[in-house]
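Okay, structure first, notes after.
We name chains A, B, ... by the order of the sequence lines, and we start the count at 1 in each one.
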Amino acid sequence: SQQGEEDPQALSIQEGENATMNCSYKTSINNLQWYRQNSGRGLVHLILIRSNEREKHSGRLRVTLDTSKKSSSLLITASRAADTASYFCATDHGGSNYKLTFGKGTLLTVNP
Amino acid sequence: DTAVSQTPKYLVTQMGNDKSIKCEQNLGHDTMYWYKQDSKKFLKIMFSYNNKELIINETVPNRFSPKSPDKAHLNLHINSLELGDSAVYFCASSQANRGRETQYFGPGTRLLVL
């Protein structure tokens, strides 16, 4: 299975702390993306990292990619209550069908 | 303006009925998708259309039939609804010819089959 797997499944932290979520996958990728889903809403794209990149930043987000370990991590610094959501990694394994394979997600709760 | 919209937002129906969900995107994208998210939040691709041509058809019962009348619309018709079809269905779109781009999701349609 190419499916990404996030860990932990759930993470609860205090406002101001950093949150780290991990994603592992099984076969080689073109790129890996992170999405956020607020309760009752659709997914929102956060950041994309290509297979030849090792690290990427966007605001308070930092994503790393280790293709030798087939893993990625998403770090959210100085978390806020508004960051409470589910976070999914999605992998693009190439091919002509533009398919993304989503992991099961990490539920992040940031307590005020 | 909403980029990817779906109707209806909620759908409650009886087993055995036929229902349709509609999706429209105003982003000018050439690729559209249907996903099913189950109660455990697992998101699974069902179908994808690129320029109105079906390019992804995962292992989905024949009761599900997508239709893309044009690049901006992708509808999903479900025949003979079953209890197990209860889920949230998400439409998404992307611009494939710019390379591996991100997908933009609609707000979801919450389907409950009684």
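Both the backbone and the side chain of Leu43(B) come within less than 4.5 Å of a heavy atom of chain A.
By the neighbour-count criterion of 12 heavy atoms within 6.0 Å, atom CZ of Arg60(A) is densely surrounded, having more than that number from other residues, nucleotides or ligands. Around the CG atom of Asn52(A), the shell of radius 6.0 Å holds more than 12 heavy atoms that belong to other residues, nucleotides or ligands. In this structure, Glu15(A) places its CD atom where more than 12 heavy-atom neighbours from other residues, nucleotides or ligands lie under 6.0 Å away. Dense packing is recorded around CZ of Arg63(B), with more than 12 heavy atoms of other residues, nucleotides or ligands lying under 6.0 Å away. Atom NZ of Lys22(B) sits in a sparse spot, with 12 or fewer heavy atoms from other residues, nucleotides or ligands closer than 6.0 Å. Within 6.0 Å of atom CD in Gln14(A), more than 12 heavy atoms from other residues, nucleotides or ligands are found, so the atom counts as buried in its surroundings.
Donor-acceptor pairing under 3.5 Å is lacking for the side chains of Gln33(A) and Gln103(B).
To the nearest 0.5 Å, atom CD1 of residue Ile56(B) and atom CG of residue Leu100(A) are 8.5 Å apart. Residue Phe102(A) holds its CZ atom at 4.5 Å from OH of Tyr35(B), rounded to the nearest 0.5 Å. Residue Lys104(A) holds its NZ atom at 9.0 Å from CG of Asp38(B), rounded to the nearest 0.5 Å.
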Which is it for Gln37(A) and Phe90(B) under the side-chain contact (heavy atoms from CB on, under 4.5 Å) test, yes or no, and what are the steps along the way?
CA-CA 12 Å; Gln37(A) 184 180 30; Phe90(B) 287 100; 3.3 Å; yes
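What you find for Lys41(B) and Phe88(A) is that their closest heavy atoms are O-CE2, 3.5 Å.
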